[in-house]
Chemist: 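One structure follows; several queries about it will come next.
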Amino acid sequence: MSVVSISMPEALLERIDEFAEEHGYSGRSEVVREGTRTLFEEFQEQRIEGQKQMCTVTVVFEYCQPAVQERLTRVRHEYDAIVSATTHTHVQDQYCMELYVLEGATEALSGFVNSVRAVPNVQAVDYSIASLGNAHIDQRIKS
């Protein structure tokens, strides 16, 4: 492995050291390597278009909203070809949460997420995408 020398403000270096210790990294190098990989992965999106991806989508809405549940069911059926699994649960007796597991091309996953976001009275939509072709992880939290 090559050794690289970089310059950075002392305050940033202290934050890296604290982060490494708090999160169990072996040292600065491991933190910088992971940060670099994450940055590259964030901007790799143009290169993954058309590749098959895995995706989890979490949707939160207020409890006892049959119109929301009906719309989400329609979206789920519209994208049936990419939905591998779905589950419904109640959170704090105030919210419902739908969890979807998807497999498909980036464009199809994006279409699903955008359709879910368009459902009125949905309070939050969080998703995470992982490429089936490599170790690429693209976490995004929206809404």
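Here, residue 1 is the first one in the sequence, and each next residue gets the next number. These numbers come from a predicted model, not from an experiment.
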Chemist: Under a 4.5 Å cut-off applied to non-hydrogen side-chain atoms, are Glu103 and Lys52 in contact?
Modeler: yes
Chemist: Examine the side chains of Tyr25 and Glu34 and answer whether a donor and an acceptor come within less than 3.5 Å of each other.
Modeler: yes
Chemist: Is there side-chain contact between Leu109 and Ile82, with heavy atoms separated by less than 4.5 Å?
Modeler: yes
Chemist: Any chance the side chains of Gln123 and Glu62 put a donor and an acceptor closer than 3.5 Å?
Modeler: yes
Chemist: Closer than 4.0 angstrom, basic N to acidic O: yes or no for Glu70 and Arg74?
Modeler: yes
Chemist: Apply side-chain contact (heavy atoms from CB on, under 4.5 Å) to Thr36 and Arg33, showing your working.
Modeler: CA-CA 5 Å; Thr36 302; Arg33 277 192 300 272; 5.8 Å; no
Chemist: Anything under 30° is parallel, anything over 60° is perpendicular, the rest tilted; go ahead and classify Phe61 against His88.
Modeler: tilted
Chemist: Measure the spacing between OG1 of Thr87 and CD of Glu98 and express it to the nearest 0.5 Å.
Modeler: 7.5 Å
Chemist: Mind listing the closest non-hydrogen atom pair of Cys64 and Cys96 along with its distance?
Modeler: N-SG, 4.3 Å
Chemist: Would you check, one step at a time, whether the test side-chain contact (heavy atoms from CB on, under 4.5 Å) holds for Val57 with Val125?
Modeler: CA-CA 7 Å; Val57 181; Val125 178; 4.0 Å; yes
Chemist: With a 4.5 Å heavy-atom cut-off, do Arg28 and Asp17 have their side chains touching?
Modeler: yes
Chemist: Determine yes or no for a side-chain-to-main-chain donor-acceptor pair under 3.5 angstrom, with Thr73 supplying the side chain and Gln69 the backbone.
Modeler: yes
Chemist: Walk me through whether Leu102 and Phe112 qualify under side-chain contact (heavy atoms from CB on, under 4.5 Å).
Modeler: CA-CA 9 Å; Leu102 312 175; Phe112 180 90; 3.5 Å; yes
Chemist: Are Leu72 and Leu99 linked, directly or through intermediate hydrophobic residues, by side-chain heavy-atom contacts shorter than 4.5 Å (ILVMFWY only)?
Modeler: no
Chemist: Decide side-chain contact (heavy atoms from CB on, under 4.5 Å) for Arg71 and Val75; before the verdict, give the C-alpha distance in whole Å, the side-chain angles of both, and the deciding distance to 0.1 Å.
Modeler: CA-CA 6 Å; Arg71 291 279 302 270; Val75 170; 5.7 Å; no
Chemist: Are Val4 and Val32 joined in one hydrophobic group, where the rule is that I, L, V, M, F, W and Y side chains link up if heavy atoms are under 4.5 Å apart?
Modeler: yes
Chemist: With rounding to the nearest 0.5 angstrom, report the CD to OG1 distance, Gln53 to Thr106.
Modeler: 4.0 Å
Chemist: Are Met97 and Tyr95 co-members of a hydrophobic cluster defined by side-chain heavy atoms under 4.5 Å apart?
Modeler: yes
Chemist: Leu12 and Ile6: same hydrophobic cluster, using ILVMFWY side-chain contacts below 4.5 Å?
Modeler: yes
Chemist: Does Tyr127 belong to the same Ile/Leu/Val/Met/Phe/Trp/Tyr cluster as Val101, with side-chain heavy atoms less than 4.5 Å apart forming each link?
Modeler: no
